[in-house]
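Written below as structure tokens is the structure these notes are about.
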Amino acid sequence: MSETIPQRSQPKVSILIPSYNTAQFISESINSVLDQDYPNKEVIVIDDGSTDETLNILAAYGDRIRVIQQGNQGAAVARNRGLDVAQGHYIAFLDSDDIWLPAKLSTQIAYLEAHPEIGLVYSRWQTWKPDAKGRFPPPHAMSLVGAAPHSPQASIIPECSGWLYDRLLTGGSLLHTITVVARRELIERVGRFDPELKRGQDYDYWIRASRHTEIHQLEPVLALYRLHGNGCIRKWPDLNYEGLILKRTISRWGLEGPDGQIADGTAVKRRIAQTHFDFAHHHYWGGQPRLAAKSCLEAIQLNPWHTASWRYLAASLAKAIWSRIGAPRASGRTRT
């Protein structure tokens with residue numbers, strides 16, 4: 001094993017895996033957890049109303065995993081269900097289409113045991129892309145930018161570690177959920193994931209956690225994030241949740257972190273403006289020009305010098321007007 005904790009005193013880790021129609025990938029995800037060299041763990045899969053073969057695949061694991069079923073309510077509710085039943089001293093997260101690399105748990109738990117003042121750690125990760133035929137290469141055949149350390153203690157990345165509140169405001173979510181391990185006592189202080197956030201609920205959670213503890217990023221790559229056409233990253237809602245999270249956070253806590261570090265207010269404004277522009281860009285190309293135009297205006301109010309926002313505002317307005325004028329003519333031709 002890559003850690004030095006005596007086996008008799010290894011604290012239990014609860015691994016929470018929300019699942020929804022990921023029959024194609026979920027076995028790889030679960031196996032990557034079961035194959036970890038850290039023995040004292042429980043695997044909790046919260047199925048969020050799958051309609052494919054996911055439940056049949058889960059049943060084949062027997063008592064090696066615990067399965068909780070619920071109607072489709074989203075990842076936040078699923079993770080909260082898992083937190084309600086988790087027995088571990090530590091809590092870890094994985095999505096049902098991603099995987100952990102060997103020695104992930106032992107590396108992170110060793111670090112947390114050696115640094116009791118740190119409530120949460122995460123690590124580097126790497127995107128996992130399919131080849132031209134849509135097949136994902138086996139992890140052992142990939143050229144990883146880092147691997148789990150051979151020494152018991154992993155080093156940290158200083159610029160992504162510490163009291164991260166100000167950096168989370170200006171730089172977006174530094175943490176990837178599939179790499180996070182947190183102490184139970186921190187989870188109890190932070191509370192549950194916000195089910196009202198259909199997107200960005202993890203970002204919101206790490207911001208809240210950053211008010212309570214330093215957060216450290218470990219150097220090695222310990223997880224693979226799978227890029228495929230069915231991922232939630234492609235499903236944009238009709239509300240800019242990331243901008244909402246930032247505005248709500250600043251309203252609640254302001255710009256000053258618990259360590260006294262004050263985030264640059266101009267940089268935070270630009271960050272919020274960027275979320276509005278990204279939202280507008282997506283919905284312009286997704287066929288919702290009026291929604292795009294509204295978001296462009298919000299971006300411009302915060303950052304009037306962002307020329308791309310002005311360009312997309314003009315293009316969105318033109319597209320909205322054209323679609324409004326063209327629709328009756330098209331319907332008239334259909335009736336005749």
salt_bridge(Arg192, Asp84) N-O dist < 4.0 Å: yes

Transitive ILVMFWY side-chain link Ile30 to Trp100, under 4.5 Å: yes

Donor-acceptor under 3.5 Å (Asn240 side chain, Phe279 main chain): no

Test: Glu298 and Lys294 ion pair at under 4.0 Å: yes

No-hydrogen, no-angle side-chain donor-acceptor test under 3.5 Å, Tyr312 and Trp285: yes

From Gln10 atom CD to Ser106 atom OG, the distance as rounded to the nearest 0.5 Å: 9.0 Å

N/O donor-acceptor pair under 3.5 Å between Ser32 side chain and Ser29 backbone: yes

Distance-minimising heavy-atom pair for Pro258 and Ser210: CG-O, 3.5 Å

Check: Trp128 side chain, Pro137 main-chain N or O, donor-acceptor pair, under 3.5 Å: yes

Trp125 side chain near Leu224 side chain, heavy-atom distance below 4.5 Å: no

Close side-chain approach of Ser309 to Thr307, heavy-atom, < 4.5 Å: no

Test item: Tyr203 side-chain N/O and Leu246 main-chain N/O as donor-acceptor pair under 3.5 Å: no

Leu94 side, atom CG; Ile17 side, atom CD1 - distance, nearest 0.5 Å: 5.0 Å

Trace of the side-chain hydrogen bond (donor to acceptor under 3.5 Å, both in side chains) decision for Gln201 with Asp204: CA-CA 5 Å; Gln201 61 272 89; Asp204 171 72; over 6 Å; no

Side-chain donor/acceptor of Gln87 to backbone N/O of Val85, under 3.5 Å: yes

Considering all heavy atoms, the nearest Trp206-Ser173 contact: CD1-OG, 3.7 Å

Member of Glu42, Arg184, Arg66 meeting the side chain to side chain donor-acceptor pair (under 3.5 Å) criterion with Ser14: Glu42

Pair Ile156-Glu219, side chain to side chain contact (heavy atoms under 4.5 Å, CB included): steps then yes or no: CA-CA 5 Å; Ile156 67 170; Glu219 174 69 28; over 6 Å; no

Thr107 and Leu218, any side-chain heavy atoms less than 4.5 Å apart: yes

Geometric cation-pi criterion Arg199 and Tyr241, 6.0 Å radius, 45° cone: no

Qualifying residues under side-chain contact (heavy atoms from CB on, under 4.5 Å), relative to Ala78, sequence neighbours excluded: Pro18, Ile46, Gln70

Heavy-atom donor-acceptor pair, Arg208 side chain to Val190 backbone, under 3.5 Å: yes

Thr54 vs Ile57 side-chain heavy atoms within contact, under 4.5 Å: no

Presence of salt bridge, Glu242 and Arg271, under 4.0 angstrom: yes

From His306 atom NE2 to His276 atom NE2, the distance as rounded to the nearest 0.5 Å: 13.0 Å

Ser50 side chain to Asp47 side chain, donor-acceptor N/O pair below 3.5 angstrom: yes

Pair Lys104 + Asp35, salt bridge at N-O below 4.0 Å: no

Student check: side-chain heavy atoms of Asp238 and His283 closer than 4.5 Å: yes

N/O donor-acceptor pair under 3.5 Å between Trp310 side chain and Pro304 backbone: yes

Side-chain touch Tyr225/His176, heavy atoms, less than 4.5 angstrom: yes

Side-chain donor/acceptor of Thr170 to backbone N/O of Asp166, under 3.5 Å: yes

CD1-CD1 distance between Ile118 and Ile215, expressed to the nearest 0.5 angstrom: 9.5 Å

Electrostatic pair Arg226-Glu28, nearest N-O below 4.0 angstrom: yes

Least distance between heavy atoms, Ser161 atom then Gln217 atom: OG-N, 2.9 Å

Pairs flagged by side chain to side chain donor-acceptor pair (under 3.5 Å) wherever residues 256-267 is involved - sequence neighbours left out: none

Side-chain donor-acceptor pair present, Ser96, Ser19, cut-off under 3.5 Å: no

Joint hydrophobic cluster, Leu291 plus Phe277, side-chain heavy atoms closer than 4.5 Å: no

Verify same cluster id: Tyr122, Leu101 (apolar side-chain graph, 4.5 Å): no

Check: Gln108 side chain, Thr179 main-chain N or O, donor-acceptor pair, under 3.5 Å: yes

Gap separating the OG1 atom of Thr127 from the CG atom of Asp98, nearest 0.5 angstrom: 11.0 Å

Shortest non-hydrogen contact from Tyr61 toward Asn31: OH-OD1, 2.9 Å

In one Ile/Leu/Val/Met/Phe/Trp/Tyr side-chain cluster, 4.5 Å: Ile65, Leu83: no

Same cluster (ILVMFWY, side-chain, under 4.5 Å), Leu186 and Tyr205: yes

Donor-acceptor contact present, side-chain Gln36 to main-chain Leu105, <3.5 Å: yes

Any side-chain heavy-atom pair of Tyr90 and Pro11 under 4.5 Å: yes

Nearest non-hydrogen partners of Thr275 and Gly243, listed with the distance: OG1-CA, 3.5 Å

Between His216 and Tyr111, a side-chain donor and acceptor under 3.5 Å: yes

Any side-chain heavy-atom pair of Ile157 and Arg124 under 4.5 Å: yes

Minimum heavy-atom distance Ser323-Ala320, with the two atoms named: OG-O, 2.8 Å

Distance-only side-chain donor-acceptor flag, Tyr20 / Asp97, under 3.5 Å: no

